[in-house]
Number of protein chains: 2
Amino acid sequence: MRHGHKWGNKLRGCGFRLTIGREAIVDILSHTNSHMSAEDIFFALHADSPNIGLTTVYRTLELLEKNGIVSKYEFGHGRAKFELTEAYGNKPHHHHLICRKCGTIIDYSDFMEDELAYLKKTEAGLGKKYKFTIHQHSISFFGICEKCGAS
Amino acid sequence: MRHGHKWGNKLRGCGFRLTIGREAIVDILSHTNSHMSAEDIFFALHADSPNIGLTTVYRTLELLEKNGIVSKYEFGHGRAKFELTEAYGNKPHHHHLICRKCGTIIDYSDFMEDELAYLKKTEAGLGKKYKFTIHQHSISFFGICEKCGAS
DNA sequence: ATTGATAATGAAAACCATTTTCAATAAGGT
DNA sequence: ACCTTATTGAAAATGGTTTTCATTATCAAT
């Protein structure tokens with residue numbers, strides 16, 4: 001399996017090396033369905049790979065992000081969170097519901113038909129009007145989750 | 001004018017004091033139409049009010065944010081950016097187009113009818129399904145601006 | 001106006017996620 | 001196996017933001 005990953009081929013195609021650390025990090029990301037911080041990944045890794053440093057985790061995440069393999073989110077609770085992109089992960093297209101109190105992040109994939117219609121029009125219009133090449137969008141809703149109670 | 005601000009009344013109503021620093025900071029924010037970082041505000045202030053420290057700027061922005069007077073954005077170019085909320089500022093409802101290369105932020109208010117329709121349905125649906133009280137949404141598009149050239 | 005309780009402030013230090021440095025190590029083409 | 005060079009870990013540096021603490025300012029009550 002060492003050379004069979006889609007993401008691995010992508011990296012190697014760009015001249016990067018396929019290392020044990022990089023494999024372990026992507027492996028962690030592909031076996032979780034939560035959003036992990038660099039530190040989360042570092043600790044998750046530490047049991048099986050105590051020799052992979054936090055620095056490497058940061059560097060790898062940066063590399064993966066630049067190559068479109070992971071997405072980085074800064075929801076504002078201190079640390080950035082990461083997840084595999086749709087093309088390389090196993091999660092369907094989704095957006096986020098973030099609790100302002102406890103920081104819980106809920107993924108949702110509902111209402112995507114409505115979103116698609118809205119995005120299609122908007123992206124096209126914005127791109128043309130502002131001469132902007134749009135690569136990505138971010139849609140998030142902030143509020144209070146059930147557990148934290150409404151206010 | 002010292003006691004005539006909507007935002008000032010809001011703060012006083014919550015037991016907070018109306019200070020020179022807070023007035024100066026809101027004043028700066030209400031006379032700019034760009035998104036300012038705490039440091040930006042600190043320097044803009046420094047000419048007329050050299051006695052207001054960066055610490056106070058941070059503390060004031062936090063207070064204003066908690067009271068719904070400013071919005072804080074973390075677009076990922078290091079420093080957080082702030083602007084008055086729709087209710088207290090002079091800018092119409094808008095969203096952001098962020099350049100991945102140079103960090104330029106373009107406000108846009110186009111296609112709001114489409115957005116409204118989409119949001120209305122989505123927020124209602126999400127709120128019900130996930131028992132989430134939605135207070136805010138954030139819609140941003142990331143890409144490359146005209147100046148930075150497409151890729 | 002003055003006073004008094006206490007909220008707000010500035011300066012400096014602390015915090016803490018993330019980056020950089022640098023010498024040692026490992027990947028992978030030959 | 002060898003060699004070039006990308007990658008790594010540890011430790012130090014960075015830099016935005018927060019905390020500490022003694023001082024100052026706000027404003028309700030007088």
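All values below were derived from every heavy atom in this structure, side-chain atoms included, with hydrogens, water molecules and symmetry-related copies excluded. Throughout, a chain's letter reflects where its sequence line sits, starting with A, and its residues are numbered from 1.
In this structure, the CD atom of A:E23 is 16 Å from the C1' atom of D:dT8, given to the nearest Å. Taking atom CG of residue B:L11 and atom C1' of nucleotide D:dT26, one finds them 13 Å apart after rounding to whole Å. Rounded to a whole Å, the CG atom of B:L54 is 11 Å from the C1' atom of D:dT18. Counting to the nearest Å, the P atom of D:dT7 and the CG atom of A:L63 are 7 Å from each other. For the pair B:R12 CZ and C:dA7 P, the interatomic distance rounds to 16 Å; values are reported in whole Å. Atom CG in B:L61 sits roughly 10 Å away from atom P in D:dT17 (whole-Å rounding). At whole-Å resolution of the value, OH in B:Y58 and P in C:dT9 are 16 Å apart. As rounded to whole Å, 11 Å separates atom P of D:dT26 from atom CZ of B:R22.
Between B:H135 and B:H137, a ring centre-to-centre spacing not shorter than 6.0 Å is recorded. Ring to ring, A:H96 and A:F75 are close: their centroids are under 6.0 angstrom apart.
Taking every heavy atom of residues 24-49 of chain A and every atom of DNA chain C, no pair lies under 4.0 Å.
Relative to the ring axis of B:Y108, A:K129 does not place its NZ or CZ within 45° and under 6.0 Å from the centre. Taking the ring centre of A:Y88 as origin, the terminal cationic atom of A:K6 falls inside the region bounded by 6.0 Å and 45° from the ring axis.
Interatomic distance, B:I139 CD1 to A:H95 NE2, rounded to the nearest 0.5 Å: 9.0 Å.
Annotation for A:C99 and A:C145: closest pair SG-N, 3.4 Å, computed over non-hydrogen atoms.
Few gaps surround NZ on A:K91; more than 12 heavy atoms of other groups in view lie less than 6.0 Å from it.
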Under 3.5 Å, N/O pairs linking protein and nucleotides 3-6 of chain C:
unit_1, atom_1, unit_2, atom_2, d
C:dT6, O2, B:R17, NH1, 3.3
C:dT6, O2, B:R17, NH2, 3.3

Would you list the protein and nucleotides 19-24 of chain D atom pairs, both N or O, that sit under 3.5 Å from each other?
unit_1, atom_1, unit_2, atom_2, d
D:dT20, O4, B:R59, NH1, 3.4

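Side-chain N or O atoms of A:H31 include one that pairs as donor or acceptor with a backbone N or O of A:D27 at under 3.5 Å.
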